[in-house]
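The residues of the chain are indexed from 1 along the displayed sequence. Note that these values count all heavy atoms, side chains included, but never hydrogens, waters or copies made by symmetry.
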Amino acid sequence: MHDLEDVRARLVALQGHDLPTHGGRTLAYVYDSGLTEVDRLGREALGMYASSNGLDPTAFPSLLAMENDLVAMAARVLDGSDAVGTVTSGGTESVLLAVLGARDAYPEVVDPQMVLPTTIHAAFLKAAHYFGVEPVLVDVDPHTFRADPQAMRAAVTDSTILLAGSAPSYAHGVVDPIAEIAAIAAEAGVRCHVDACIGGWVLPYLAAVDRASVPAWDFAVPGVTSISVDLHKYAYTPKGVSLLLHRAPELRRSQYFAAAAWPGYTMLNSTMQSTKSGGPLAAAWAVTQAIGEGGYVSLARQARAGALAVAVAV
């Protein structure tokens with residue numbers, strides 16, 4: 001066996017070439033709460049559960065309990081009284097599952113399409129590529145960079161299975177007119193997904209600071225059927241944890257994969273992955289429990305003040 005201290009030294013040397021994950025100087029890739037003890041707790045939980053396997057919650061019931069707690073907390077802050085949810089590995093997997101679930105919910109549609117603003121995250125284009133759902137991209141308002149609901153309405157056809165909007169969009173940081181988009185989806189009898197991977201864990205707490213600055217976007221909006229929320233962004237948890245929430249249990253069913261026609265055990269998966277480490281889930285649970293809703297209000301206020309200061313300086 002190699003010398004452990006030598007291996008550790010090599011790890012440190014390798015990491016020396018990376019961007020810093022703490023200190024607020026690396027944008028987009030990492031999110032730093034500045035809470036040193038909470039960060040330490042998250043890393044401890046990550047290590048404690050690194051070898052636990054989320055494939056089978058009957059073997060690791062603690063993972064199921066923590067997943068239920070995270071989903072319940074998210075449902076509460078997103079006005080989803082009957083919402084159900086799943087922990088995923090990140091925003092892309094949440095979006096992939098939302099698109100897959102929409103596609104499989106409408107098996108009668110031979111050539112499915114989804115109507116998207118051009119500012120939508122590229123994860124939707126990946127989902128289109130993987131699952132054979134045509135992306136119908138619609139130009140946004142050239143002044144506000146928000147989705148254009150009337151243009152999206154005009155793009156809806158009999159092949160449409162899903163409309164989507166962002167809260168906020170990755171590139172411009174603006175919240176699309178979700179109420180209007182969801183109304184169009186409801187009128188067409190199709191699903192409406194809100195990509196809140198960035199804003200899902202900060203917009204509810206910003207509303208507590210300044211409600212007028214946060215437009216309607218969550219399950220309080222009729223017609224919104226699913227929402228993706230990344231916890232490793234403004235919930236400040238270690239990578240990689242996201243949530244995919246559905247308004248009601250029946251909307252989640254088409255997300256599942258099951259197979260018994262092979263010599264092994266019956267496979268039943270709620271996510272793209274089968275085997276998956278319990279570490280990120282446990283870390284997310286520990287960090288969200290430690291910070292709490294009052295702590296997130298404070299962090300949201302701090303992040304907003306920082307963003308406004310940067311905007312003024314620029």
Report summary line: Quick note, ring pair (Phe, Tyr, Trp, His ring centres under 6.0 Å) partners involving residues 62-95, not counting sequence neighbours, are none
Query raised in the report: Taking atom types as modelled and ignoring hydrogens, do the side chains of Thr275 and Asn53 form a donor-acceptor contact shorter than 3.5 angstrom?
Result: yes
Requested in this report: To the nearest 0.5 Å, tell me how far Leu41 CG sits from Met48 CE.
Outcome: 9.5 Å
Query raised in the report: Would you call Glu293 and Arg76 a salt bridge, taking side-chain N to carboxylate O under 4.0 Å as the test?
Result: yes
Output side-chain donor-acceptor pairs under 3.5 Å for residues 296-308, partner residues at least two apart or in another chain, one line each.
| from | atom 1 | to | atom 2 | distance (Å) |
| --- | --- | --- | --- | --- |
| Tyr296 | OH | Ala235 | O | 2.8 |
| Arg304 | NH2 | Asp210 | OD2 | 3.3 |

Query raised in the report: Regarding Trp285 and Asp69, is there a side-chain donor-to-acceptor distance under 3.5 Å anywhere?
Result: yes
Query - Donor-acceptor contact present, side-chain Ser277 to main-chain Ala50, <3.5 Å - result: yes
Query - Expected output: side-chain Thr157 to main-chain Ser159 donor-acceptor under 3.5 Å - result: yes
Query raised in the report: To which residues is Tyr265 joined in a hydrophobic cluster, defined by side-chain heavy-atom contacts under 4.5 Å among Ile, Leu, Val, Met, Phe, Trp and Tyr, whether direct or through other members?
Result: Leu55, Phe257, Trp262, Met267
Query - Leu203 side, atom CG; Trp217 side, atom CH2 - distance, nearest 0.5 Å - result: 5.5 Å
Report task. Any chance you could measure Leu162, atom CG, to Thr225, atom OG1, to the nearest 0.5 Å? Result -> 7.0 Å
Query raised in the report: For the side chain of Arg191 and the backbone of Leu251, is there at least one donor-acceptor N/O pair under 3.5 Å apart?
Result: yes
**Report entry** Glu37/Arg40 under salt bridge (charged side-chain N to carboxylate O under 4.0 Å, His left out): CA gap, chis, key distance, verdict
**Finding:** CA-CA 5 Å; Glu37 289 303 313; Arg40 183 175 292 112; 2.3 Å; yes
Query - Side chains of Thr237 and His232, donor plus acceptor under 3.5 Å - result: no
Report task. May I have the step-by-step check of side chain to side chain contact (heavy atoms under 4.5 Å, CB included) for Leu244 and His246, ending in yes or no? Result -> CA-CA 7 Å; Leu244 173 60; His246 293 278; 3.7 Å; yes
Report task. Evaluate the ring planes of Tyr31 and Tyr234, with Trp represented by its six-membered ring, and classify them as parallel (under 30°), tilted (30 to 60°) or perpendicular (over 60°). Result -> perpendicular
Requested in this report: Scan side-chain atoms only and decide if Ser94 and Ser242 contain a donor-acceptor pair under the 3.5 Å cut-off.
Outcome: yes
Report task. Measure from the side-chain N and O atoms of Glu93 to the backbone N and O of Thr88, and report whether any donor-acceptor pair falls under 3.5 Å. Result -> no
Report task. Go through the steps to decide whether Val136 and Met114 satisfy the test side chain to side chain contact (heavy atoms under 4.5 Å, CB included), and finish with yes or no. Result -> CA-CA 6 Å; Val136 179; Met114 52 182 169; over 6 Å; no
Query raised in the report: Which value, rounded to the nearest 0.5 Å, describes the distance between Asp176 atom CG and Ile178 atom CD1?
Result: 5.5 Å
Query raised in the report: Are the side chain of Arg103 and the backbone of Val133 linked by a donor-acceptor contact shorter than 3.5 Å?
Result: no
Report task. Please determine, by modelled atom types, if Thr92 and Lys126 share a side-chain donor-acceptor pair under 3.5 angstrom. Result -> no
N/O donor to acceptor pairs below 3.5 angstrom from side-chain atoms of residues 15-29, sequence neighbours left out:
| from | atom 1 | to | atom 2 | distance (Å) |
| --- | --- | --- | --- | --- |
| His22 | NE2 | Asp39 | OD2 | 3.3 |
| Thr26 | OG1 | Pro20 | O | 2.5 |

Query raised in the report: Could you state the interatomic distance from OH (Tyr130) to CG (Leu100), rounded to the nearest 0.5 Å?
Result: 12.5 Å
Report task. May I have all residue pairs that pass ring pair (Phe, Tyr, Trp, His ring centres under 6.0 Å) and include part of residues 79-114, sequence neighbours excluded? Result -> none
Query raised in the report: Under the 3.5 angstrom rule, does the side chain of Asp148 hit a backbone N or O of Gln150 as a donor-acceptor pair?
Result: yes
Query raised in the report: Is the shortest distance from a Lys or Arg side-chain nitrogen in Glu5 or Arg8 to a carboxylate oxygen in the other one below 4.0 Å?
Result: yes
Query raised in the report: Just checking, is any N or O donor in the side chain of His121 or Ser166 under 3.5 Å from an acceptor N or O on the other one?
Result: no
Query raised in the report: Would a distance-only check, ignoring hydrogens and angles, find a side-chain to backbone donor-acceptor pair under 3.5 Å from Arg247 to Val224?
Result: yes
Requested in this report: Check the side chains of Ser270 and Gln255 for a donor-acceptor pair under 3.5 angstrom, ignoring hydrogens and angles.
Outcome: no
Query raised in the report: Which value, rounded to the nearest 0.5 Å, describes the distance between Trp201 atom CH2 and Thr288 atom OG1?
Result: 6.0 Å
Query raised in the report: With a 3.5 Å cut-off and no angle check, do the side chains of Ser274 and Asn269 form a donor-acceptor pair?
Result: yes
**Report entry** Partners passing side chain to side chain contact (heavy atoms under 4.5 Å, CB included) against Asn68 (at least two apart in sequence or in another chain)
**Finding:** Leu64
